[in-house]
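Proteins get letters first, then strands, A, B, ... in listed order; numbering begins at 1 in each.
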Amino acid sequence: MPLLRRLNALLDRFLMAAMAAAFLGLIGTVFMQVLARNVLKMGMIWTLDVAQLFFGWCIFVGAALAVRRSAHYFVELFPDDWVRLNAGLKLLSDFVIGVIVTILLIGGWDFTVLGLARHTEAIGVTEAYWVACVPFGAAAMALFLAENVVDDLRRFADTFRQD
Amino acid sequence: MDPLVLLMGSFFVLIALRIEIAFALAAASLITMIYIDLPVASLVNQMYAAINSFPLMAVPFFMFLGRLLNDGGITTKLLDVADATVGHVRGGLGHVNVFVSMIFASLSGSASADTASVGSILIPAMKQAGYGAAYSVAITAASSTLGVIIPPSIIMIIYGAFGEVSIGALFFGGVVPGVLIGVGMMVYTYILAIRHGYPANPRRSLRQMALAVWHGAPPLLIPVLVLGGVTGGLFTPTEAAIIAVIYAMFLAFAVYRIVSIRRLPAMLAETVIGFAAPLFVVAAAGIFGWLISYLGAADRVSAFITGVTTDPLGIQLMLVAFLLIVGTFLNPISAVLIFLPIIQALGDLSGADPVMLGVVVVMTLAVGLITPPYGICLLIAAQIGGVSLGRAFIAVIPLVLIVVAIIVAALLVPDIVLFLPKIMLPNVFPGSG
């Protein structure tokens with residue numbers, strides 16, 4: 001477990017830096033597009049493809065980072081002081097996330113392999129680079145989820161010890 | 001079992017069991033797809049296709065803009081402008097609260113960013129000046145809902161991108177209702193101020209007022225850039241957002257210099273997490289929305305509604321009532337994405353203009369930001385003000401009624417919404433002039 005925690009901390013740091021760079025890339029690409037059209041009076045169609053590349057990676061990897069921080073939206077129906085029920089529901093949530101992550105990992109991999117044979121219109125690069133964000137993000141989610149599950153199991157067990 | 005009932009039922013059960021909304025959407029879709037024998041692989045395709053959208057890129061840009069405004073010290077400048085202009089009216093800090101939210105709304109598209117930034121400064125100041133704690137919390141939370149009504153608005157971007165409605169027209173459509181709600185809240189504040197003896201801030205001299213406006217003027221150029229660029233056909237809303245971001249970065253890092261450029265990587269990464277969560281909901285809602293359409297939900301809801309009433313206003317009021325309930329437990333982005341096919345079917349059925357419908361939907365869902373259990377703005381403000389959620393909710397009810405009154409007024413007189421977009425973007429309304 002300490003190894004997983006250390007690995008995830010490292011991965012988190014790397015992904016945060018990569019996402020900062022990707023988001024800056026997204027800002028720069030769209031800004032270049034505006035400049036090209038309005039100032040240089042020329043079209044830069046490739047910027048659309050590149051912007052979508054950064055955008056997709058930001059969303060799927062950002063969603064993985066949000067799993068680690070429990071930053072995804074949820075509806076709280078039960079009061080905070082129903083500790084055991086909430087801890088149990090958190091475990092159920094981990095299970096559902098696990099199922100979806102598995103689908104994204106397997107389906108995303110197949111989707112990426114299919115993308116190898118297709119090429120983007122503007123820059124002619126294989127589409128796999130674009131859709132690979134799905135299995136990559138899912139793999140990161142799986143690692144972060146494993147850490148959450150251990151913590152949530154401990155929290156759930158603690159509610160019995162408190163009795 | 002009816003697959004549509006399975007889809008909706010499993011989604012509601014899952015979110016009631018505290019499953020994250022994005023994963024609940026995907027899981028409910030997965031269960032239904034297995035049940036009706038659809039290939040599970042299309043879940044991934046549809047999720048990716050949902051975020052493969054250029055208009056949607058405006059969302060992260062406007063979120064980053066909100067972050068720059070907060071961290072770059074721009075909010076403080078705006079507060080000074082608001083204080084200089086309306087602070088001297090009876091109940092001054094309440095008016096400043098509403099007015100600064102209106103300005104903030106015109107710069108960023110996020111309500112919760114407004115609550116956190118304005119609330120952390122104004123709620124303690126209002127309590128110290130003798131304003132009721134519950135009222136201070138309520139006015140802060142309620143006025144920040146203007147963030148999603150007055151343009152630019154993240155929810156309008158999502159509504160426009162997925163509903164194929166002009167985002168520019170939605171932006172302009174939000175201006176008049178947003179201003180009316182703001183004015184309504186200021187009138188309410190004035191009445192309360194007289195009843196409870198709330199003070200007014202000292203009136204500033206003309207020179208002091210001019211100085212405050214002068215210092216606050218640079219960020220006020222942002223709405224001019226965004227709306228002016230869109231109206232003039234220079235930029236799409238996404239491109240206008242990027243221009244606003246570049247300008248706000250220049251202000252934050254080069255002009256005001258309250259935040260160091262060394263903070264930029266952290267600000268960028270934190271914004272990615274901030275927008276990835278709602279946009280992952282967008283991705284998951286892609287497959288859910290597709291299934292809703294595939295299973296013919298819109299037709300069935302339309303048939304049900306027409307069984308109750310065929311009066312256009314009646315249909316629209318039923319839609320508003322439904323969305324008010326939905327908004328209490330779902331955030332507006334999820335609600336728009338999940339129910340868009342049904343919303344638009346009912347809009348068509350009642351002959352509502354798509355722009356008017358979009359603005360009314362956004363205003364209605366904005367109410368959910370201040371009503372429990374979701375009520376994120378009320379939660380943030382109550383936490384800052386140290387007020388129980390129950391007391392805050394009672395105090396916010398009159399302000400909710402103001403918003404609802406403007407929604408009903410917009411349904412009765414659609415030109416409240418359509419007047420401005422028809423002037424600014426006439427090509428969106430062919431045959432209306």
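- With a 4.5 angstrom heavy-atom cutoff, A/Met32 does not touch chain B via any of its atoms.
- When the candidates A/Ala71, A/Gly107, A/Ala18 are compared by the number of heavy-atom contacts under 4.5 Å with chain B, A/Gly107 comes out ahead.
- Proximity to chain A (any heavy atom under 4.5 Å) is restricted, for B/Leu43, to the side chain, taken from C-beta onward.
- The heavy-atom pair separating A/Ala140 from A/Ala64 by the smallest distance is CB-CB, 3.7 Å.
- Note that A/Arg84 lies in the cation-pi zone of A/Phe160, set by a 6.0 Å cut-off to the ring centre and a 45° limit from the axis.
- In this structure, CE on B/Met47 lies 12.0 Å from OG on B/Ser42, to the nearest 0.5 angstrom.
- Taking the six-membered ring wherever Trp is involved, the centroid distance between the rings of A/Trp57 and A/Phe136 falls below 6.0 Å.
- Aromatic pair B/Phe288/B/Phe11: centroids less than 6.0 angstrom apart.
- The aromatic ring centroids of B/Phe280 and B/Phe23 lie less than 6.0 Å from each other.
- For a residue to count as touching a neighbouring chain, one of its non-hydrogen atoms must lie under 4.5 Å from one of that chain's; by this rule A/Val67 touches chain B with the side chain only.
- For B/Ile246, the part lying near chain A is the side chain, with the backbone staying farther off; criterion is any non-hydrogen pair under 4.5 Å.
- Contact annotation for B/Phe235: both backbone and side-chain heavy atoms come within less than 4.5 Å of a heavy atom of chain A.
- For B/Ala41, no part sits under 4.5 Å from any heavy atom of chain A, backbone or side chain.
- Residue B/Leu56 touches chain A through both its backbone and its side chain, counting heavy-atom pairs closer than 4.5 Å.
- Interface residue B/Leu30: only side-chain heavy atoms are found under 4.5 Å from chain A.
- Of the two parts of A/Phe111, only the side chain, counted from C-beta on, holds a non-hydrogen atom closer than 4.5 Å to a non-hydrogen atom of chain B.
- The greatest number of non-hydrogen atom pairs below 4.5 Å with chain A, out of B/Val40, B/Leu17, B/Ile15, is found for B/Leu17.
- Contacts of residues 143-154 of chain A with chain B at a heavy-atom distance below 4.5 Å are absent; not one residue qualifies.
- You'll find the ring centres of A/Phe55 and B/Phe54 outside the 6.0 Å limit.
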